[in-house]
Enquirer: 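Questions regarding the structure given below will be posed in turn.
Hydrogens, waters and symmetry mates play no part in the numbers below; they use all other heavy atoms, side chains included. What you are looking at is a predicted structure, and each value in this text was computed from that prediction instead of being measured. Each chain gets a letter, A, B and so on, in the order the sequences are listed, and its residues count up from 1.
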Amino acid sequence: MPERECGFEPEVLAAVVEGRWPLAVEPLLREHAAACPLCSEVLTVASALVPDRQEWKAAPSLPAAGTVWWRAQIRARREAAAAAARPLLVAQAAAFVVALAILGMVGKALLPSFTLLAGEYGGWFFAAAAAVLVIPAAILLALRRSE
Amino acid sequence: MSLRDTTYSELSRAAAAGDACASFAMDEESFRTFYERTARSVWAYLARITGDRHLADDLLQESYYRFLRAGASYESEAHRRNSLYRIATNLARDARRRSAARGLAGYGVEHVPGGDDAARAERAADVTRALAQLKPRERELLWLAYAEGASHEEIAATLGLRPASLKALLFRARRRLAALLSPREREGCDAGA
């Protein structure tokens, strides 16, 4: 099985990364890199990527450290506020469900009377039932949007 | 809500108010020093592994935010830096998965700006073409190993690999990139263009 590693690879790589290749390295190392296929590969790859990295590092206009810091502060505070509001929303939703359940039980108990009344006052009955359901839902939705 | 959505007026108000800071494990002065030392390298890494400069801009800020929010304590500067690179790598992978899910996967071929020097521009183009043909993990491995000069332990920690499997992966990736960068391969690409 061919060797996958040469003991001189770290030296060759360090020389390229530190900008010493090829003029400020030992001639023996240069000769070895020319003859060793593994070190040649290291040289080819590092000689392409090291200057490429320098070009890319020099290129961009990055946001200032202070800007990144303060943006992070503001976002962290927003997330903390949203997390603090979550239990309140859960309580509101639970109260709504309980109210619906109570309404349902009362309605079921009074069904015979409702049947009689619905016949006479059906329209008013359904309007009142819709208001009882829709208004709390609308309030809950508005509260969630405001956060 | 991304960091980019924060307006400058909000920043100014927060800075002027000087009100209580969100609790990060790092103070502002330490963060500024760390950012000045690492931001350009991290940005270059993100730009080269994603192939998208604009995505690198977004991922850079998100990386530092998550780094601050992690609130971890670090044994050394190197440990802190590895953690940042790990966060950046994971964010780049998540972005790639989202793009792939939307059918937008692909490596950009945008070259280094300011390329008035034709030789520099050509070299950058060669590297871009070669990196575009590699798998994402190969780009990560090669950049950390041969552009950044990171040790195998650092690379393994950053990419979530076992050191034992890292050598083989790195060997294969290096071989591929060296072949793609070879003059014969480049002539083949030019002939086919």
Enquirer: For residues 32-42 of chain B, give me every residue with a non-hydrogen atom less than 4.5 Å from any non-hydrogen atom of chain A.
Expert: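 Counting heavy atoms that sit under 4.5 Å from chain A, the residues of residues 32-42 of chain B involved are R32(B), Y35(B), E36(B), A39(B), R40(B), S41(B).
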
Enquirer: Can you give me the closest heavy-atom contact between R53(A) and A147(B), atom names plus distance?
Expert: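 Minimum heavy-atom contact is CD-O, 3.2 Å.
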
Enquirer: Around atom CZ of R137(B), are there more than 12 heavy atoms of other residues, nucleotides or ligands at under 6.0 Å?
Expert: no

Enquirer: Step by step, work out the side chain to side chain contact (heavy atoms under 4.5 Å, CB included) result for L49(A) and W143(B).
Expert: CA-CA 7 Å; L49(A) 294 185; W143(B) 190 267; 4.2 Å; yes

Enquirer: What part of L142(B) gets closer than 4.5 Å to chain A, counting heavy atoms only: side chain, backbone, both or neither?
Expert: both

Enquirer: Flag the one option from S47(A), P51(A), A65(A) with the top tally of heavy-atom pairs under 4.5 Å to chain B.
Expert: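 That would be A65(A).
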
Enquirer: With a 4.5 angstrom heavy-atom cut-off, is it the side chain or the backbone of V16(A) that approaches chain B, or both, or neither?
Expert: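 Neither part; nothing is under 4.5 Å.
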
Enquirer: Is it the side chain or the backbone of P37(A) that comes within 4.5 Å of chain B heavy atoms, both, or neither?
Expert: neither

Enquirer: Is chain B contacted by the side chain of E9(A), its backbone, both, or neither, given a heavy-atom distance below 4.5 Å?
Expert: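 Just its side chain gets close to chain B.
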
Enquirer: Parallel, tilted or perpendicular: which describes the rings of F24(B) and W69(A), with under 30° parallel and over 60° perpendicular?
Expert: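 The arrangement is perpendicular - the two ring planes meet at more than 60°.
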
Enquirer: Can you name the closest pair of heavy atoms from A72(A) and Y65(B) and give their distance?
Expert: O-CE1, 3.4 Å

Enquirer: Among A58(A), P63(A), A80(A), A48(A), who wins on heavy-atom pairs under 4.5 Å with chain B?
Expert: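 Max contact count across the listed options: P63(A).
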
